[in-house]
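Read the structure below first, then the notes.
Numbering of ligands and ligand atoms starts at 1, following listing order.
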Amino acid sequence: MTTRKELAGIGVSAGAAVAPVVVLQPAPGVDAKEPASVDPAADIERVRQAMAAVADDLRARAAVASDTGRKVLEATAQLATDKGLVKAVLKKLKAGSGVTAAVHDATEGYATLMASLGGYMAERVTDLYDIRDRTIAQLRGLPMPGVPALSEPAIVVAHDLAPADTAGLNPATVVGIITAAGGVTSHTAILAAQYGIPAVVKVDGALELATGTPVALDGGSGRVVANPTDADIEEIVSRQHRRDELVARASGSGATADGTPIKLLINIGNADDAEQAAATDAQGTGLFRTEFVFLNRATAPTVAEQTEVYTRVLAAFGSQRVVVRTLDAGADKPLAFATQEHEDNPALGIRGIRLTTSKPELLASQLDALAAAYEATGRAADLRIMAPMIATVEEARAFAEQVRSRNLPCVGVMIEVPGAAVRARHLLREVDFASIGTNDLSQYTMAADRMQGELAVLLDVWQPALLELIKATCDGGRSADAPIGVCGEAGGDPLLALVLVGLGVSSLSMAAGKLPAVRAALSLHDLPACQAMAEAALAADTAAGAREAVLALADPALVAAL
Ligand code: PEP
Ligand code: MG
């Protein structure tokens with residue numbers, strides 16, 4: 001391709017990059033000429049050795065990688081020694097497959113199983129394919145697939161980057177990432193943002209780019225231009241400059257231009273995240289997704305194990321706000337020890353707080369551990385505990401009783417179910433606060449699976465129906481005199497954040513990388529301006545119309561940086 005071409009995807013790590021692309025070589029496939037296995041015992045030994053060599057290689061790279069990279073590489077290395085996978089390969093060998101075909105087919109079966117579990121497990125499918133490709137390369141004596149050593153700055157293009165690839169990236173030479181697959185919660189997205197490498201995922205036509213093609217990309221807007229003109233480059237680079245300038249305008253605690261304080265918080269999933277978040281100028285965490293700590297466990301964690309994790313989290317934040325969400329197992333976040341099996345509709349099934357009926361010990365042990373951690377840290381933190389997926393007043397009341405009976409200071413509910421939003425006034429008489437989970441509230445309001453990329457239009461956070469339910473929650477909060485926060489993805493959109501504040505939200509919790517732009521957006525608008533934006537958004541007929549109406553009212557410095 002030598003002519004200029006615009007491609008579009010989802011921007012997941014802001015920043016501009018202009019460089020030639022390097023398209024990753026496809027992984028070595030099955031050896032078409034290999035014989036069928038006649039000695040499965042000897043062949044499985046070869047496979048085992050190949051997998052061990054892959055694991056060793058990944059661990060060696062982990063030893064010299066950064067903190068985040070190390071964990072990803074170690075997790076992938078662990079998959080390379082998975083006993084279940086070896087067993088599945090042996091089965092294929094016994095059925096007469098050749099060695100590389102056995103590895104290939106066994107992985108496929110395993111991947112289908114993981115993909116069907118959805119959420120975190122589904123995202124690990126990429127790791128599994130990485131192990132397959134490395135093992136086959138090892139067995140065939142071919143070079144390991146992955147990012148080649150680069151001597152010049154380049155934008156890496158791939159179908160999807162295996163976490164092991166992303167973890168080993170050198171930001172000095174890899175100045176941008178483009179993938180054909182992926183989504184906002186994929187490993188590529190999370191790691192690229194952590195490394196500060198501009199990245200655009202889900203780019204249609206990405207794989208048609210040839211190595212060496214010059215490309216300009218905007219990891220904020222998701223714009224990709226192949227063979228860009230000088231004007232394209234100027235537009236993308238100057239937009240990034242405006243973004244940098246915008247972010248540099250504000251620091252410290254969050255507030256609107258007229259001084260209305262808005263707490264700006266970071267979403268975390270484990271104690272390491274907590275320590276990193278505490279080192280920034282955020283004001284604490286507004287969502288600690290406790291289930292993330294225990295995703296890989298086969299059995300429920302003990303009170304002592306949990307106390308250790310929670311103590312680290314509370315200690316990291318000192319006297320800052322720490323909003324802990326009790327286990328939200330089920331649907332896109334299955335936990336082996338908690339999730340109900342064989343549900344036809346897991347998202348509408350026994351997940352979140354609903355698990356307390358069949359497994360009351362899970363919540364009890366979690367609250368006991370939180371109480372112990374709170375005491376161990378001198379009751380210093382502004383600790384708030386909330387339950388996911390609350391739908392009724394009875395659920396809110398029962399949860400509040402459990403939290404308060406342990407002398408814990410503050411109890412709340414997540415608003416993720418439309419029924420709870422509509423009746424927020426009543427729910428909030430039972431608890432001290434609410435936090436809106438816009439990811440789930442949006443999926444249940446629009447009856448659109450949040451993991452289904454093709455329904456992105458329905459899941460648009462600007463959908464007026466979603467905004468109506470956020471308004472209902474805020475109205476309920478006002479009448480019960482209870483603060484309302486937002487901790488779903490919507491809170492990290494700098495333009496929408498203004499609408500949320502206009503509706504009455506007093507805290508926003510988001511991914512760390514999104515906070516500076518939200519803080520800057522707030523600092524440019526006073527509360528009456530935010531209220532006018534909320535009114536304009538609610539008056540619109542469509543999601544696009546709502547955004548347009550708010551853009552028309554926004555400060556030009558913000559509009560220029562979006
Ligand atoms: C949400 O649903 O918006 C939320 C914050 O919770 P999670 O994404 O963990 O379901
Ligand atoms: Mg949720």
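Listed for the Gln283 side chain is a donor-acceptor partner under 3.5 Å among the backbone atoms of Leu264. Although no hydrogens or angles enter the test, the distance criterion places a donor-acceptor pair under 3.5 Å between the side chain of Glu343 and the main chain of Ile350. Thr473 places a side-chain N or O within donor-acceptor distance of the main-chain N or O of Leu469, the cut-off being under 3.5 Å.
Residue-and-atom listing of protein N/O/S atoms under 2.8 Å from the Mg ion (ligand 2), sorted by chain and number: Glu416 OE2, Asp440 OD2.
A salt bridge does not link Arg547 with Asp493: every distance from a Lys NZ or Arg NE/NH1/NH2 to an Asp or Glu carboxylate oxygen is 4.0 Å or more. Salt bridge absent: Asp273 and Arg289 never bring a charged side-chain N and a carboxylate O closer than 4.0 Å.
Near ligand 1, residues Leu287, Arg289, Arg325, Asp328, Lys333, Met414, Glu416, Gly437, Thr438, Asn439, Asp440, Arg450, Cys487, Gly488 come within 4.0 angstrom through at least one heavy atom.
Shown here are the salt bridge (charged side-chain N to carboxylate O under 4.0 Å, His left out) partners of Glu468, two or more places apart in sequence or in another chain: there are none. For the salt bridge (charged side-chain N to carboxylate O under 4.0 Å, His left out) test, residues two or more places apart in sequence or in another chain that qualify with Arg321 are Asp382.
Side-chain contact between Pro409 and Tyr374: present, with at least one pair of heavy atoms (C-beta onward) separated by less than 4.5 Å.
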* Please test Val323 against Phe433 for side chain to side chain contact (heavy atoms under 4.5 Å, CB included), starting from the C-alpha separation and ending with a verdict. => CA-CA 11 Å; Val323 183; Phe433 75 99; 4.1 Å; yes

